[in-house]
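Whatever order the structure lists them in is the order used to number ligands and atoms, beginning at 1. For clarity, every value in this text was computed on a predicted model and none was experimentally measured.
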Amino acid sequence: MKRGLLLPLLKGEQSLLMLHSSCFSAITSPAIANLTSSSSSSPPSSFRLSCAATSMATTVQEQKKALRSEIRKALKALSPQQRAHEDFVIQSTILSSSWFESSQRLCAYISCPSLREVDTSTILSQVLTKPDSEHQVQTQKELYVPRVEDKNSNMRMLKITTMDDLVANSMNILEPSPLDGSGNQREDVMSTTNPVDLFLLPGKRNFKFKLSLCFICFSFCLSLNIANYYYYAGVCFDKEGRRLGRGGGYYDVLLKRYQDLALEKKWNKPLLVALAYSVQIKDEGVIPVTPTDMPIDAIVSSDGVIPISPIAKEKMS
Ligand SMILES: Nc1nc2c(c(=O)[nH]1)N(C=O)[C@@H](CNc1ccc(C(=O)N[C@@H](CCC(=O)O)C(=O)O)cc1)CN2
Ligand SMILES: Nc1ncnc2c1ncn2[C@@H]1O[C@H](COP(=O)(O)OP(=O)(O)OP(=O)(O)O)[C@@H](O)[C@H]1O
């Protein structure tokens with residue numbers, strides 16, 4: 001079946017099946033259910049389908065909004081103890097994994113407690129800690145973190161070498177200043193000569209660590225070659241790779257631009273890994289998607305790693 005088709009789907013109540021990228025999403029919609037409900041005066045199904053398609057954009061946005069609100073409530077209801085437990089297990093799972101260990105360049109979010117995002121502070125502090133050359137064989141990873149440039153979905157991923165590179169923005173999210181301490185433009189992940197391996201998706205947390213002077217020798221990083229993973233910010237995810245973000249389009253736009261760049265440069269695609277509390281993992285068919293929504297490769301939750309794409313199954317199983 002081709003992408004972008006709309007098919008009627010019977011699943012208890014009337015809903016729409018939307019084909020998108022490699023994944024399908026069943027979108028339950030009261031508005032569309034009304035359009036397609038049978039009555040003696042109802043128009044032919046082709047007309048009803050076209051009406052549904054026309055109202056699709058609005059309907060999907062409404063569905064997304066409702067789901068975001070539901071997840072926000074579920075996150076609020078999590079006890080601090082449960083959150084701390086899940087934060088610990090998720091970060092430990094990542095830090096002890098071979099796919100994280102072998103990553104050389106990564107993009108990650110700076111977790112934000114008020115947004116109730118999975119904590120990334122332990123991961124980031126470890127990434128930013130300069131390896132002890134006597135005892136550690138591990139090489140220093142290069143780290144890029146988000147900086148929102150404007151309200152038109154423009155976000156950059158800039159390289160940092162210490163948490164002191166970050167300042168709070170108007171949303172109280174920590175992000176890098178455009179210039180480094182020497183007044184030079186920070187390296188943008190879109191203009192590096194080497195690819196990213198890992199992308200961890202969003203937050204800001206209480207960084208207990210003051211990682212300052214020890215990162216000056218980042219010239220060591222120049223010997224690194226590949227950044228292949230991204231850790232993702234999101235509101236919820238499903239086990240088929242669908243992701244619902246905060247609604248800014250920041251990640252979708254950036255990931256599309258990065259994928260186009262990787263294609264042009266003939267680089268491997270980065271692994272897109274979402275960090276999720278249990279309440280952020282939804283059943284199939286619940287998350288509405290549109291053609292610009294970028295699917296994820298894997299989820300890490302307190303229950304472990306869920307590899308989704310073939311590449312994630314190969315690297316993370
Ligand atoms: N830690 C972190 N950094 C990030 C993101 C993120 O989600 N988390 N972003 C990812 O895009 C970008 C910033 N975008 C953001 C978009 C919305 C909200 C926010 O506060 N949303 C509210 C709802 C606002 C509303 O409904 O009007 C919320 O989610 O509660 C925060 C950041 C870049 N940096
Ligand atoms: N690649 C893209 N190019 C242009 N516009 C885009 C792209 N991706 C998303 N958008 C637009 O951004 C807006 C927000 O999209 P959506 O609701 O899917 O955000 P989201 O996935 O929740 O947010 P985010 O990507 O920041 O996590 C929509 O108007 C959408 O059309």
| field | Val148: numbered ligand 1 atoms lying under 4.0 Å from its heavy atoms | value | 12 (C), 13 (C), 33 (C)
| What atoms in ligand 2 come closer than 4.0 Å to a heavy atom of Gln61? | 17 (O)
| query | Should one rank Lys151, Met157, Arg246 by closest heavy-atom distance to atom 29 (O) of ligand 1, which comes out on top? | reply | Arg246
| said: I need the Asp238 CG to Ile308 CD1 distance, nearest 0.5 Å. | reply: 7.0 Å
| request: Just jot down the ligand 1 atoms closer than 4.0 angstrom to any heavy atom of Ile173, in number order. | output: 3 (N), 31 (C), 32 (C)
| message | Going by the rule side-chain contact (heavy atoms from CB on, under 4.5 Å), which residues pair with Ser79 if we only count those two or more places apart in sequence or in a different chain? | response | Gln81, Gln82
| Can you list the atoms of ligand 2 that are under 4.0 Å from a heavy atom of Tyr250? | 24 (P), 25 (O), 26 (O)
| Any Met155 heavy atom less than 4.0 Å to ligand 2 | no
| task | Could you list which atoms of ligand 2 come closer than 4.0 Å to a heavy atom of Arg243? | result | 21 (O), 24 (P), 25 (O), 27 (O)
| request: Could you establish whether Arg257 and ligand 2 come within less than 4.0 Å of each other, counting only heavy atoms on the residue side? | output: no
| field | For Asp260, salt bridge (Lys or Arg N to Asp or Glu O under 4.0 Å) partners two or more places apart | value | Lys256
| Which option out of Arg72, Arg156, Met171 puts a heavy atom nearest to atom 26 (O) of ligand 1? | Arg72
| Cationic N near anionic O, under 4.0 Å, Arg156 to Glu149 | yes
| said: Between Glu70 and Lys282, does any side-chain N to carboxylate O distance fall below 4.0 Å? | reply: yes
| What are the atoms of ligand 2, with element, lying closer than 4.0 Å to any heavy atom of Lys64? | 16 (P), 17 (O), 18 (O)
| With a 4.0 Å cut-off on heavy atoms, is Arg68 touching ligand 2? | yes
| Are any of the N or O atoms of Gly245 closer than 3.5 Å to those of ligand 2? | yes
